[in-house]
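Here is the structure we will look at.
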Amino acid sequence: MINTEKIWMNGKLVGHDDANIHILSHVVHYGSSVFEGIRIYKTENGPAIFRLREHVKRLFDSAKIYRMEIPYTIEKFEQAIIETVKANKLEQGYIRPIAYRGYFELGVTPTRCPVDVAIAAWAWGAYLGEEALNKGIRVQVSSWRRPALNTLPSLAKAGGNYLSSQLIRLEALNNGYEEGIALDYLGNVSEGSGENLFVVLNGKLITPNLASSALGGITKDTVIQLAKKLGYEVVEQAIPRELLYICDELFLTGTAAEVTPVYSVDNIVVGNGDKTITKALQKEFFDLAHGRHELSEKFLTYVK
Ligand code: PMP
């Protein structure tokens, strides 16, 4: 059960039990949705939504790729998100906005099905656990690749893409790991099932570029900005698999995972276990998210 009281659907707040869609909705059959995951952090000035504008912009971009017309402006959509957070009286948590092809007809062509929109929000803590944030997680390189370029667009955060994430995650969990890292169609490193990835090598940060079949992560962008501010060089480039085994530090970033160190890859311990740079960036990130950083004003939307 997801513990939430009010869900915003097509302009109205409805109760948890009434937030339903028809079984013959296009999205149920063809994965035709675009969505976001956004965190609400507790701060001294009340709950704050992390990088709201960037998340809503990415939702609209995902919709644009799939030729879906979201029937609201970005500003109206942001207001609806704030309204949903307030209606659920959340101090901290997670927000899930979604736009999807609804009920009309069931051919593959989606154009005559309405674009319906919903926003849910609920209380939520660390995704991979507090211990993961501290000690790091054990990951495997997945046997599943990310979709090749020009197949399923990875820069769209679309429902259907998460079939790939499920394969990666199920395999990793079945094999006793906490997460899987997928390669792209060329064999370069892409991303985790729901996280971007950074390698630390000789004091420099390296992360896969935009053509690596990974999502353009907002946490990734945040970490790049924080790292540069701390004086680290950051390069976005193709990463061969074996760099995961010989780098000094490795960490994952994502709305859910925040900044999570990786302890080992395929049971090979990363570096010598040192996490100095990862921990420094993790601290900056949490300071930022909790309103204690000079960039907090710019990145947080306080819910009054
Ligand atoms: N990759 C995938 C596949 C994801 O689902 C996510 C989570 N949205 C990310 C990367 C990280 O993106 P963000 O930092 O914007 O949450």
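All values derive from a computational prediction rather than experimental measurement. Counting starts at 1 for both ligands and their atoms, following the listed order. Worth knowing before you read on, the calculation uses all heavy atoms, side chains too, and leaves out hydrogens, waters and symmetry mates.
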- Between Asp266 and Arg241, does at least one N-O distance fall below 4.0 Å, as a salt bridge requires?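 Looking at Asp266 and Arg241, the cut-off is met.
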- Query: Quick one: CD on Glu5 to OG1 on Thr84, what's the gap to the nearest 0.5 Å?
  - Reply: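 Here the rounded value is 13.0 Å.
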Name each N or O atom in ligand 1 that is under 3.5 Å from a protein N or O, and give the partner atom and the distance.
unit_1	atom_1	unit_2	atom_2	d
ligand 1	1 (N)	Glu191	OE1	2.5
ligand 1	5 (O)	Lys157	NZ	3.4
ligand 1	5 (O)	Tyr162	OH	2.4
ligand 1	8 (N)	Lys157	NZ	2.9
ligand 1	14 (O)	Ile218	N	3.3
ligand 1	14 (O)	Thr219	N	2.8
ligand 1	14 (O)	Thr219	OG1	2.5
ligand 1	15 (O)	Arg58	NH1	2.8
ligand 1	15 (O)	Arg58	NH2	3.0
ligand 1	15 (O)	Ile218	N	2.7
ligand 1	16 (O)	Thr255	N	2.8
ligand 1	16 (O)	Thr255	OG1	2.6

- Go through the side-chain N and O atoms of Thr222 and Arg51 and say whether any donor and acceptor fall under 3.5 Å apart.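 Result is yes, a qualifying pair exists.
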- Message: Taking Gly176's backbone N and O only, do any of them form a donor-acceptor pair with Arg138's side chain (distance below 3.5 Å, no angle check)?
- Response: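 Yes; at least one donor-acceptor contact below 3.5 Å.
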- Just one of Phe286, Tyr302, Phe285 clears the ring pair (Phe, Tyr, Trp, His ring centres under 6.0 Å) bar with Phe50, so which one? Phe285
- Query: Near Lys12 NZ, under 6.0 Å, is it more than 12 heavy atoms from other residues, nucleotides or ligands?
  - Reply: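 Open: at most 12 neighbouring heavy atoms sit under 6.0 Å from NZ of Lys12.
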